[in-house]
Amino acid sequence: MATYDLLLKQGTVVDGTGAPRFQADIGIKDGKIVKIGDITEDATELVDAAGMIVAPGFVDHHTHYDAQIFRDPTCADGGQNGVTTVVMTNCGFGFAPCRTEHQERYMIMMENVEQIPISHQKASLPWDWQSFPEFLTSLRSTDKAVNAMAYVPLNALLIFVMGIDAAKSRPATESEMAEIKQLLNEAMDAGALGFSCSYLEENNVHLDFDGSPMPCDVMDVDQLCEIGMVLKDRGDGIIQCLSGVPGMDDTIRASEQLARATGRPVFHNLIPTNDEVPVHKSGLSWLDSMREEGLDMWAASFCHRIWTEISLDTLTLFDSDDTFRELSYAPSNAKRLELLRDPVFRQRLRDAYDPIKFIAVGADLDRFVAVSVADSAEHKDVEGRILGEVAKETGMNIVDLFAELLLSSNGAAVLRSPFATASNPTILREIFMHERMIPGGSDGGAHLKIFSAGHWGTDFLVNLVRDQEIITLEEAHQKMSGLPMEVFGIADRGTIKEGMAADILVYDLDKLYSDTDAFRRAYDLPDNDWRKQVRAGGYDLVCVNGAITFRDGEHTGECPGKVVSQATG
């Protein structure tokens with residue numbers, strides 16, 4: 001019998017700790033790294049990794065693959081782009097716990113908030129659970145080419161105990177709070193990572209089908225912290241909280257108070273970057289103040305080139321403003337066009353427009369580009385141009401230009417945002433090298449017709465490491481692999497060391513690619529529906545728990561993924 005299942009020979013190891021690279025063989029047996037060094041024993045499969053980088057797989061800490069993973073074991077496009085672990089059920093949204101009579105309602109909420117069509121959800125979800133432990137049991141029995149971690153989504157937990165209307169309109173009673181805590185404890189015992197929530201009050205983009213906020217966005221912060229005390233009492237678990245932008249939004253207090261009350265790690269989403277406005281400065285100062293206070297606060301920021309493409313029926317990007325929300329929540333494109341023709345409503349849009357409000361999603365209209373004006377002969381000369389420049393040349397108000405492009409194309413015009421991360425090397429270095437910042441987060445599985453970010457890890461390596469040399473390869477893999485697993489409390493993953501799980505990438509840095517010129521359409525959704533996709537990849541091998549899941553970008557059919565938690569590793 002061979003000594004090893006898989007032997008990677010003479011690769012250049014970047015181990016995810018931040019330590020300098022070194023050359024070594026890696027022997028893998030039963031899903032674990034059992035030896036690193038000069039290995040002479042035999043193996044069932046031998047891979048010549050000479051001249052290649054051998055590094056830990058990426059941890060995608062912010063995804064919504066909650067439905068997709070049940071029909072797509074690769075969590076496309078994460079698996080083929082070096083992601084070996086996905087973290088699901090972020091921002092308080094998910095499908096468990098869920099009473100049978102609420103299944104349709106949960107799917108409506110997820111369609112509206114994360115733009116995952118109900119038809120896709122129905123084609124994916126087995127719905128063989130009600131409780132969160134039952135959900136994890138179902139997830140464990142599902143073939144996966146990636147590892148999965150899952151928070152208990154607080155909106156689902158509140159609705160399960162209180163009902164939808166009550167969860168949105170009043171605090172939990174004493175008996176309801178006791179049940180919420182009991183169910184969270186049971187979920188943690190079963191392998192939950194912690195719990196996720198958002199706290200954005202009423203003015204946010206995470207709204208229900210009727211434009212009303214979700215339960216945890218308007219709940220009493222003291223009750224939010226009371227729920228968090230479950231993790232304090234247990235001494236385990238992490239809290240993911242989507243609250244405001246430090247220095248810009250008072251809702252940031254939710255992240256702060258959770259960290260103070262519980263003493264547990266709080267993963268804050270997110271701190272944006274912008275070339276024109278140094279919004280990251282206040283975010284980094286806030287992180288420093290949290291650390292000085294002794295709080296275990298962490299934050300995410302985009303590390304990759306990401307953009308959105310919108311048309312009349314995908315305007316939810318602007319929902320952080322009440323007036324723009326009226327437009328996006330209109331029941332049809334015909335009604336939206338009617339609103340845009342209304343001079344009174346148009347004036348309200350002009351009055352409401354504030355570029356600063358939209359920086360967090362990279363959406364200030366002046367910097368959008370008209371990718372297509374469709375059949376608008378009137379504005380054909382605007383195609384391919386930056387809207388702010390056109391508005392300046394023509395003397396048009398930017399909101400009027402935006403409206404006229406949509407009207408003249410009968411809603412078919414496509415507008416592209418700038419990259420939702422800064423391009424200034426100094427800014428990028430400042431934010432990604434802050435010790436409390438964790439790059440990444442694809443939002444994978446969500447917003448399928450607006451953007452795609454499964455390429456995030458690849459783009460980080462291509463753009464920031466190889467092409468611009470802003471960050472070293474050692475720094476990148478420590479930030480994308482070792483550090484997130486450390487924050488999540490997972491002791492046996494994220495780095496290449498003996499005894500660790502063999503979640504490993506083998507690649508030639510010069511051969512990685514990430515085409516950010518344009519989205520293409522991938523017709524791989526239920527009923528042959530399409531989604532946006534970035535052409536990216538170039539990895540020779542991706543290994544999950546010691547099994548090769550991808551060779552040269554193609555899924556091997558192997559599905560060795562596990563449900564990972566602090567309890568299970």
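FYI, side chains are in, hydrogens and waters are out, and symmetry mates aren't considered; it's all heavy atoms of this structure.
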> Aromatic rings Phe324 and Phe402: how do their planes relate, parallel, tilted or perpendicular, breaks at 30° and 60°?
Replying inline: tilted
> Which salt bridge (charged side-chain N to carboxylate O under 4.0 Å, His left out) pairs, counting each pair once, include a residue from residues 278-292, with sequence neighbours left out?
Replying inline: Lys281-Glu430, Asp288-Arg291, Arg291-Glu435
>> Ignoring hydrogens and geometry beyond distance, is a side-chain donor-acceptor pair present between Asp249 and Thr251 at under 3.5 Å?
In response: no
>> Which residue in the set Arg493, Met485, Met480, Lys479 passes side-chain contact (heavy atoms from CB on, under 4.5 Å) when paired with Val59?
In response: Met485
> What residues form a side-chain hydrogen bond (donor to acceptor under 3.5 Å, both in side chains) with Glu111, not counting sequence neighbours?
Replying inline: none
> Considering residues at least two apart in sequence or located in another chain, which fulfil the salt bridge (charged side-chain N to carboxylate O under 4.0 Å, His left out) criterion with Glu226?
Replying inline: Lys181
> Taking atom types as modelled, is there a side-chain donor on Thr421 or His304 under 3.5 Å from an acceptor on the other?
Replying inline: no
> Is a salt bridge present between Lys335 and Glu326, judged by a nitrogen-to-oxygen distance below 4.0 Å?
Replying inline: no
> Taking C-beta and beyond as the side chain, do Phe419 and Phe302 meet within less than 4.5 Å on heavy atoms?
Replying inline: no
> Charged N to carboxylate O below 4.0 Å: is that the case for Arg348 and Asp322?
Replying inline: no
> Does a salt bridge link Arg325 with Glu202, judged by any charged N lying under 4.0 Å from a carboxylate O?
Replying inline: no
> Does Arg416 make a cation-pi contact with Phe368, if we ask for NZ or CZ under 6.0 Å from the ring centre and within 45° of the axis?
Replying inline: no
>> Could you check whether Arg260 and Gln257, counting side-chain N and O atoms only, form a donor-acceptor pair closer than 3.5 Å?
In response: no
> Can you check whether Thr314 reaches Gln115 side chain to side chain, under 4.5 Å on heavy atoms?
Replying inline: no
> How are the rings of Phe460 and Phe432 set to each other: parallel, tilted or perpendicular (split at 30° and 60°)?
Replying inline: perpendicular
> Which pairs pass ring-ring contact (aromatic ring centres under 6.0 Å, His included) with one or both residues in residues 171-211, sequence neighbours excluded?
Replying inline: Phe93-His206
> With sequence neighbours left out, which residue pairs that include part of residues 98-130 fulfil the ring-ring contact (aromatic ring centres under 6.0 Å, His included) condition?
Replying inline: Phe70-Trp129, Phe95-Trp127, Trp127-Trp129, Trp129-Phe135
> Does a side-chain heavy-atom distance below 4.5 Å link Leu270 with Leu242?
Replying inline: no
>> salt bridge (charged side-chain N to carboxylate O under 4.0 Å, His left out) for Arg346 and Glu338? Distances and angles first, verdict last.
In response: CA-CA 10 Å; Arg346 184 82 72 85; Glu338 181 183 328; over 6 Å; no
> For Asp77, what residues pass the salt bridge (charged side-chain N to carboxylate O under 4.0 Å, His left out) criterion, not counting sequence neighbours?
Replying inline: Arg531
>> I'd like to know if Asp296 and Arg436 make a salt bridge, using a cut-off of under 4.0 Å between side-chain N and carboxylate O.
In response: yes
> Taking 4.0 angstrom as the limit, do Lys168 and Asp208 come out as a salt bridge?
Replying inline: yes
>> Run the side chain to side chain donor-acceptor pair (under 3.5 Å) test on Thr273 and His280 for me, step by step, so that the C-alpha distance in whole Å, both residues' side-chain angles and the decisive distance to 0.1 Å come before the verdict.
In response: CA-CA 5 Å; Thr273 63; His280 72 290; over 6 Å; no
> When you check the side-chain N and O atoms of Ser196 and Thr89, is any donor under 3.5 Å from an acceptor?
Replying inline: no
> Can you check whether Trp530 reaches Leu448 side chain to side chain, under 4.5 Å on heavy atoms?
Replying inline: no
>> Tell me if the aromatic rings of Phe58 and Trp456 count as close, with their centers under 6.0 Å from one another.
In response: yes
> Can you tell me how far the CE atom of Met248 sits from the CD1 atom of Ile271, to the nearest 0.5 Å?
Replying inline: 12.0 Å
> Would you say the side-chain atoms of His62 and Asn269 include a donor-acceptor pair closer than 3.5 Å?
Replying inline: yes
> Would you call Lys449 and Glu114 a salt bridge, taking side-chain N to carboxylate O under 4.0 Å as the test?
Replying inline: no
>> Quick check on side-chain contact (heavy atoms from CB on, under 4.5 Å): which of Met219, Met214, Glu176, Gln223 does Leu158 satisfy it with?
In response: Met219
